[in-house]
Engineer: 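Sharing a structure below in structure tokens format, with a few things to ask.
Lettering follows sequence order; numbering is per chain, from 1.
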There are 2 protein chains.
Amino acid sequence: MPRVRHKTFDCSAGCPVEGVLNLIDGKWKGVILYHLMSGTLRFNEIRRKLVNVTQRMLTNQLRELEADGLIIRKVYAEVPPKVEYSLSERGRSLEPVINALKAWGDANLAVDKIDVEAA
Amino acid sequence: MPRVRHKTFDCSAGCPVEGVLNLIDGKWKGVILYHLMSGTLRFNEIRRKLVNVTQRMLTNQLRELEADGLIIRKVYAEVPPKVEYSLSERGRSLEPVINALKAWGDANLAVDKIDVEAA
DNA sequence: CATCACGGTATCCTTTTTGACACTATATAC
DNA sequence: GTATATAGTGTCAAAAAGGATACCGTGATG
């Protein structure tokens, strides 16, 4: 499992920018946060939204988000297991950031263009 | 709001979010963009602002940003060499995004020791 | 002649991240 | 008694990212 992502952020002026990026990059974190903005989701609900994610990766990403205090993991003592993920206060405060990302993406990552570059 | 019409690669609704993240993650890209928001900079000026970056990494990051159309590289035929980097139109349009990142970082990563201790 | 500044390349190596795939527990349904 | 669903773990391997270090060309400076 990828270990401690948090070292100390000793950097200069642009540092906060990198700091946030360290929290939300990782192949699936952005999308996970985005989906959780719409409400609580269970493990497999998230999995179905992130089409190609493996269980291991999803678990990893969720654990890291949890460790960074952005999401809350709630386990129900049931069988079959039930685990719900939701945004914490801190996670919810990221909403403007995620929205800015989404807005720019929508405006500047037109599908045609991606097609051309990917081809 | 333009929406994704067709899946080029498996992404669901949160895709644009990941798309932008793919452009601006990389260990130094966020900070580079941040610094270029204040104006044109030469290679070594950027280098001095990113204290621990190696030449190789800085070159890499700048080339990727250039390839993604976010910055412009202008070479002067002089000796010693002079190369100026500045934001493109597209890069400048990222300003709200970078600002959102910076704002959140300033507000939530102020002293990261608090993270550890308070949690 | 030797050295510095500039903006890089070229090589090699280590660390980090991601992926494939197999395995687990248990209650319920068939 | 076999299969299903859930939410995971464990192990190994590949790929991507990042780092260390050395080198290049040239004109001016000492």
Engineer: Of all residues at least two apart in sequence or in a different chain, which pass the salt bridge (Lys or Arg N to Asp or Glu O under 4.0 Å) check with A:Glu95?
Structural biologist: none

Engineer: So, OP1 or OP2 of C:dT9: does either fall under 4.0 Å of a side-chain N or O from B:Arg63?
Structural biologist: yes

Engineer: With sequence neighbours left out, what residues match B:Glu84 under side-chain hydrogen bond (donor to acceptor under 3.5 Å, both in side chains)?
Structural biologist: B:Tyr76

Engineer: Run the side-chain hydrogen bond (donor to acceptor under 3.5 Å, both in side chains) test against B:Ser86 and tell me which residues pass, sequence neighbours left out.
Structural biologist: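 With sequence neighbours excluded, B:Ser86 shows a side-chain hydrogen bond (donor to acceptor under 3.5 Å, both in side chains) to no residue whatsoever.
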
Engineer: So, using side-chain contact (heavy atoms from CB on, under 4.5 Å) as the criterion, who are the partners of B:Gln55 when residues are at least two apart?
Structural biologist: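 Partners of B:Gln55 by the side-chain contact (heavy atoms from CB on, under 4.5 Å) criterion, ordered by chain and then number, come out as B:Phe43, B:Arg47.
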
Engineer: Taking side-chain hydrogen bond (donor to acceptor under 3.5 Å, both in side chains) as the test, write out the residues that go with A:Glu66, two or more places apart.
Structural biologist: none

Engineer: Report each atom pair, protein N/O against N/O of nucleotides 13-18 of chain D, whose distance is under 3.5 angstrom.
Structural biologist:
residue: D:dG18; atom: OP1; partner: B:Lys27; partner atom: N; Å: 3.0
residue: D:dG18; atom: N7; partner: B:Arg56; partner atom: NH2; Å: 3.2

Engineer: So, using side-chain hydrogen bond (donor to acceptor under 3.5 Å, both in side chains) as the criterion, who are the partners of B:Arg42 when residues are at least two apart?
Structural biologist: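 If we apply the side-chain hydrogen bond (donor to acceptor under 3.5 Å, both in side chains) test to B:Arg42, skipping adjacent residues, there are no hits.
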
Engineer: Polar pairs (N or O, both sides) under 3.5 Å between protein and nucleotides 26-30 of chain C?
Structural biologist:
none

Engineer: Considering residues at least two apart in sequence or located in another chain, which fulfil the salt bridge (Lys or Arg N to Asp or Glu O under 4.0 Å) criterion with A:Lys27?
Structural biologist: none

Engineer: Categorize A:Tyr76 for me: base, sugar-phosphate, or nothing, with a 4.0 angstrom heavy-atom threshold over every strand shown.
Structural biologist: nothing

Engineer: Heavy atoms from C-beta onward define the side chain here; which of C:dG7, C:dT9, D:dG19 lies closest to that of B:Thr54?
Structural biologist: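 Looking only at heavy atoms from C-beta outward on B:Thr54, the closest nucleotide is D:dG19.
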
Engineer: Does B:Arg42 make a side-chain N or O approach to OP1 or OP2 of C:dG7 shorter than 4.0 Å?
Structural biologist: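 Affirmative; the distance criterion is met.
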
